Colleague: 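Quick one: this structure, given as structure tokens, is what I'll be asking you about.
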Number of protein chains: 2
Amino acid sequence: MQEADRGLKKGMAIMPGKDQISMTVVRRLPRYYRFLYGLKRDGVVRISSRELAVHMGLTASQIRQDLNCFGGFGQQGYGYSVEQLHAEIGHILGVNDPSPAVIIGIGNMGRAIGNYMDFDDRGVHITALFDYSEEVVGQVIRGMMVQPMGTAADYCRENGTKIAILCIPTSSAPEIVTLLINAGVKAFWNFTGYDVAYHHPETVAENVHLNDSLMTLSYSLRKRETDEADAI
Amino acid sequence: MQEADRGLKKGMAIMPGKDQISMTVVRRLPRYYRFLYGLKRDGVVRISSRELAVHMGLTASQIRQDLNCFGGFGQQGYGYSVEQLHAEIGHILGVNDPSPAVIIGIGNMGRAIGNYMDFDDRGVHITALFDYSEEVVGQVIRGMMVQPMGTAADYCRENGTKIAILCIPTSSAPEIVTLLINAGVKAFWNFTGYDVAYHHPETVAENVHLNDSLMTLSYSLRKRETDEADAI
DNA sequence: TAGATTGTTAATCGATTAACAATC
DNA sequence: TAGATTGTTAATCGATTAACAATC
């Protein structure tokens with residue numbers, strides 16, 4: 001008697017050759033990529049899993065396991081070519097082939113994201129911005145004019161946009177997400193509290209829950225201080 | 001022969017009663033908190049782990065395990081009191097007793113964070129803002145005047161500030177972090193690429209790696225599309 | 001009391017670490 | 001060749017799920 005049936009999950013889409021890479025591993029790739037970029041910039045040519053582990057605070061085993069999910073990038077007795085490994089991981093992450101994306105909501109967060117991020121180096125290319133407010137519509141950010149929210153779904157449909165970045169209040173999210181999905185959007189970078197993945201499991205969603213992250217920090221600090229007080 | 005000695009980790013600070021709560025569990029608490037708030041607002045009085053599981057896309061077992069790390073908040077045959085559970089988790093997260101914090105760097109991100117977040121409901125209270133730029137110093141955000149970065153460490157020392165929110169470029173992070181730690185700062189909410197936890201393991205750090213998050217989304221979308229193409 | 005649901009122990013699953021044969 | 005280091009298999013560890021006795 002299973003307690004909750006979460007529907008398809010386990011063997012969905014069992015591919016022929018390469019089997020499913022766990023998200024645990026995928027989430028470490030950007031960090032490898034970042035680190036290898038630094039080594040490359042500093043002129044380091046080769047590195048062993050052991051050295052990399054020391055620098056990154058991981059174990060050499062883990063690094064070898066992670067990289068081997070995607071193929072044998074190393075050479076026995078030598079290690080890994082920094083340049084090649086950097087390029088391979090970049091390729092896996094798709095940084096050379098950016099997908100077009102739109103920002104939904106140009107409040108403080110949308111504006112910060114729009115101005116601050118180096119999107120093109122991350123596999124994403126911003127093509128349009130949308131907002132509800134008449135005051136914001138028409139403003140120019142990064143050379144792009146903010147367009148009325150009502151036109152967002154049509155824009156995505158006409159341009160085949162696959163990624164939407166949600167920087168709207170949580171309460172506005174359910175409606176616009178449905179419209180966007182109907183217009184062909186497949187992936188959401190979600191800054192709202194709305195659980196896109198739960199309500200639309202057919203899409204890809206990556207959440208940035210800043211409130212949750214801050215509360216975790218708050219917990220950890222209190223915990224640390226309590227433990228220190230107890231230890232005396 | 002261990003491959004990399006990551007120093008203390010396992011049995012550090014073995015407390016008498018309550019044993020170490022895993023971060024996996026802690027990171028779920030804000031989501032429970034958020035969800036229970038919604039239920040409370042909607043007038044729901046009691047809820048079973050099974051109902052909660054269905055609504056949140058978890059298993060009832062997991063919810064009961066998680067909550068039992070902190071004590072028996074439920075009642076057999078009845079379930080959990082929404083109001084009580086919400087209050088208990090809020091208490092665990094320390095939302096009633098906010099810690100003072102400063103924002104280091106008032107660029108796009110610092111400004112967005114400063115304007116957008118409901119800090120006081122998350123256990124954190126912003127008391128000061130700092131920036132390097134002369135243009136930014138003196139600006140008023142949320143009723144607070146931005147102060148020169150050179151005064152940040154002294155401010156924290158004098159006011160006993162324990163939390164710093166890092167919204168500066170990665171390259172500026174190492175220096176200011178050291179200054180802040182020397183001034184008594186214990187916790188960092190880190191928006192930079194600098195690995196605070198690695199370089200200063202004695203502190204508490206919570207990272208928000210927006211670039212990494214975006215790259216993960218980019219990977220997942222490509223993966224999804226490739227799988228769908230292969231499946232045809 | 002009977003039904004429901006927790007708290008908790010046991011079983012399973014997945015991720016990390018260790019070990020080592022293959023090989024550069 | 002000898003030394004180094006990978007790729008990969010086996011062992012361990014931790015987190016999730018299942019099961020069920022306790023109890024409201």
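So that the names make sense, note that chain A is the first sequence line, chain B the second, and so on, each numbered from 1. Computed from a predicted model, the values in this text were never measured in an experiment. Just so you know, these numbers use all the heavy atoms, side chains as well, and skip hydrogens, waters and symmetry mates.
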Colleague: Indicate whether OP1 or OP2 belonging to C:dA4 is found under 4.0 Å from a side-chain N or O atom of B:Ser48.
Modeller: no
Colleague: Rounded to whole angstroms, how far apart are CZ on A:Arg64 and P on D:dT5?
Modeller: 10 Å
Colleague: OP1 or OP2 of C:dT16 versus the side-chain N and O atoms of A:Gln62: is any pair under 4.0 Å?
Modeller: yes
Colleague: Could you state the atom-to-atom distance from CD1 of A:Ile63 to P of D:dG7 in whole Å?
Modeller: 12 Å
Colleague: Please state how far atom CD in A:Gln65 lies from atom P in C:dT16, giving the value in whole angstrom units.
Modeller: 9 Å
Colleague: Do any side-chain nitrogens or oxygens of A:Arg46 fall under 4.0 Å of OP1 or OP2 in D:dT5?
Modeller: yes
Colleague: Look at the side-chain N and O atoms of A:Thr24 and state whether any lies under 4.0 Å from the OP1 or OP2 oxygen of C:dG14.
Modeller: no
Colleague: So which of A:Arg27, A:Arg34, A:Arg28, A:Arg122 actually passes salt bridge (Lys or Arg N to Asp or Glu O under 4.0 Å) with B:Asp212?
Modeller: A:Arg34
Colleague: Going by the angle between their ring planes, with limits at 30° and 60°, are A:His199 and A:Tyr194 parallel, tilted or perpendicular?
Modeller: parallel
Colleague: Should C:dA18 form a Watson-Crick or G-U wobble pair with both distances under 3.5 Å, which nucleotide is its partner?
Modeller: D:dT9
Colleague: Check if the side chain of A:Ser61 and the base of C:dA18 share a donor-acceptor pair of N or O atoms closer than 3.5 Å.
Modeller: yes
Colleague: So which atom in A:Val185 and which in A:Phe188 form the shortest heavy-atom distance, rounded to 0.1 Å?
Modeller: CG1-CZ, 3.7 Å
Colleague: Who is the Watson-Crick or G-U wobble partner of D:dT23, with both distances under 3.5 Å?
Modeller: C:dA4
Colleague: Kindly say if B:Tyr80 contacts the phosphate of D:dC24, meaning a side-chain N or O under 4.0 Å from OP1 or OP2.
Modeller: no
Colleague: Does B:Tyr37, at its OH atom, have more than 12 non-hydrogen atoms belonging to other residues, nucleotides or ligands within less than 6.0 Å?
Modeller: no
Colleague: With a 4.0 Å cutoff (strictly under), does any side-chain N or O of B:Thr59 reach OP1 or OP2 of D:dT16?
Modeller: no
Colleague: Can you say whether the rings of A:Trp189 and A:Phe119 are parallel (under 30°), tilted (30 to 60°) or perpendicular (over 60°)?
Modeller: perpendicular
Colleague: Is there a side-chain contact between A:Ser49 and the phosphate of D:dT5, meaning an N or O under 4.0 Å from OP1 or OP2?
Modeller: no
Colleague: Both A:Val25 and B:Gly72 contact DNA chain C. Which one's nearest nucleotide lies toward the 5' end?
Modeller: B:Gly72
Colleague: In whole Å, I'd like the distance from the CD atom of A:Gln76 to the P atom of D:dT5.
Modeller: 12 Å
Colleague: Would you kindly give the CD-to-C1' distance between A:Gln75 and D:dT5, to the nearest whole Å?
Modeller: 10 Å
Colleague: Whole-Å distance between D:dT17 C1' and B:Asn68 CG?
Modeller: 15 Å
Colleague: What is the distance, rounded to the nearest whole Å, between atom CG of A:Asp66 and atom P of D:dT6?
Modeller: 13 Å
Colleague: If I take atom CG in residue B:Leu52 and atom C1' in nucleotide C:dT5, what distance separates them, rounded to the nearest angstrom?
Modeller: 13 Å
Colleague: Could you check B:Tyr78 against A:Phe73 and say which one's nearest nucleotide on DNA chain D is further toward the 5' end?
Modeller: A:Phe73
